[in-house]
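Read the numbers this way: they start at 1 and go in the same order the structure lists the ligands and their atoms. Keep in mind that what you see is a predicted model, and the values were worked out from it rather than measured.
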Amino acid sequence: MSFQTGQEAQSSQSLDCLPQCRQVTFSEIQVATNNFDESLVVGHGGFGRVYRGTITNGESVLDVAIKRLESTSDQGTAEFWAEVELLSELRHTNLVSLIGYCSHGKEMILVYEYMPNGTLLDRLHKCRFPLTWVRRLKISIGAAHGLEYFQGD
Ligand SMILES: Nc1ncnc2c1ncn2[C@@H]1O[C@H](COP(=O)(O)OP(=O)(O)OP(=O)(O)O)[C@@H](O)[C@H]1O
């Protein structure tokens with residue numbers, strides 16, 4: 001689960017425009033990532049490489065982050081389906097939305113809304129300009145709202 005970091009890291013699309021989580025075909029993923037073009041890799045995490053891409057949903061085109069499970073990952077099928085089950089129903093300004101998933105043979109791929117400024121960890125450790133304390137406070141409050149929603153209170 002990832003948190004939006006507040007106004008400075010809003011996704012490129014509004015919450016109302018985000019569709020329900022759906023099954024995405026492997027060919028859609030191939031088109032979205034230009035067949036897993038290395039130049040579209042924006043990060044690498046516990047799951048594997050993360051690609052930037054676009055997915056067409058009806059008439060709209062969404063900016064997405066596509067996580068492809070690598071065979072070397074210590075995360076596996078159970079974590080994949082747990083993430084799908086947990087996140088597919090959640091929609092909150094302070095939580096990154098899961099837009100789709102793809103299970104195709106050995107391929108397990110998660111599609112999230114794209115965060116133009118990366119994750120909070122990226123923002124805290126990779127950005128040349130440190131966050132002000134006011135922004136840090138706003139981010140903490142946003143994360144708390146996201147957690148509260150997540151816990152269903
Ligand atoms: N939704 C997103 N939008 C933009 N960039 C993202 C997004 N998700 C991940 N990234 C990029 O990919 C990198 C790796 O992210 P990822 O979430 O896989 O890491 P992680 O913390 O190891 O998470 P996990 O272990 O849950 O897979 C991030 O540091 C970030 O740069």
> For ligand 1, which atoms sit closer than 4.0 Å to a heavy atom of T119?
28 (C), 29 (O), 30 (C)

> Output the list of atoms in ligand 1 that are nearer than 4.0 Å to some heavy atom of F47, sorted by atom number.
27 (O)

> Test your reading of the model: is there a side-chain donor-acceptor pair from R123 to the backbone of N117, 3.5 Å cut-off?
no

> Could E28 and R22 be called an ion pair, given the rule that one side-chain N must be under 4.0 Å from one carboxylate O?
yes

> Using a 4.0 Å cut-off to any heavy atom of Y114, which atoms of ligand 1 qualify?
3 (N), 4 (C)

> Find all atoms of ligand 1 within a distance of less than 4.0 Å from any non-hydrogen atom belonging to V42, and give their numbers and elements.
31 (O)

> With only distance considered, is G46 within less than 3.5 Å of ligand 1 through an N or O on each side?
yes

> Taking the inter-plane angle between the rings of H104 and F26 on a 0 to 90° scale, is it parallel (under 30°), tilted (30 to 60°) or perpendicular (over 60°)?
parallel

> Is it true that a side-chain atom of Y101 and a backbone atom of W81 form a donor plus acceptor pair closer than 3.5 Å?
no

> May I have all residue pairs that pass salt bridge (Lys or Arg N to Asp or Glu O under 4.0 Å) and include part of residues 92-106, sequence neighbours excluded?
none

> Would you check whether M115 has a nitrogen or oxygen atom less than 3.5 angstrom from a nitrogen or oxygen atom of ligand 1?
yes

> Please confirm whether E83 comes under 4.0 Å of ligand 1, counting heavy atoms of the residue only.
no

> Using heavy-atom distances, let me know which of G43, G48, A65, G45 sits nearest atom 13 (C) of ligand 1.
G43

> Quick one: does E113 get an N or O within less than 3.5 Å of an N or O on ligand 1?
yes

> Pick whichever of R123, H44, K67 has a heavy atom sitting closest to atom 17 (O) of ligand 1.
K67

> For R68, which residues count as a salt bridge (charged side-chain N to carboxylate O under 4.0 Å, His left out) partner, sequence neighbours excluded?
E107

> State whether the side chain of E70 and the backbone N or O of R49 hold a donor-acceptor pair below 3.5 Å, judged by distance alone.
yes

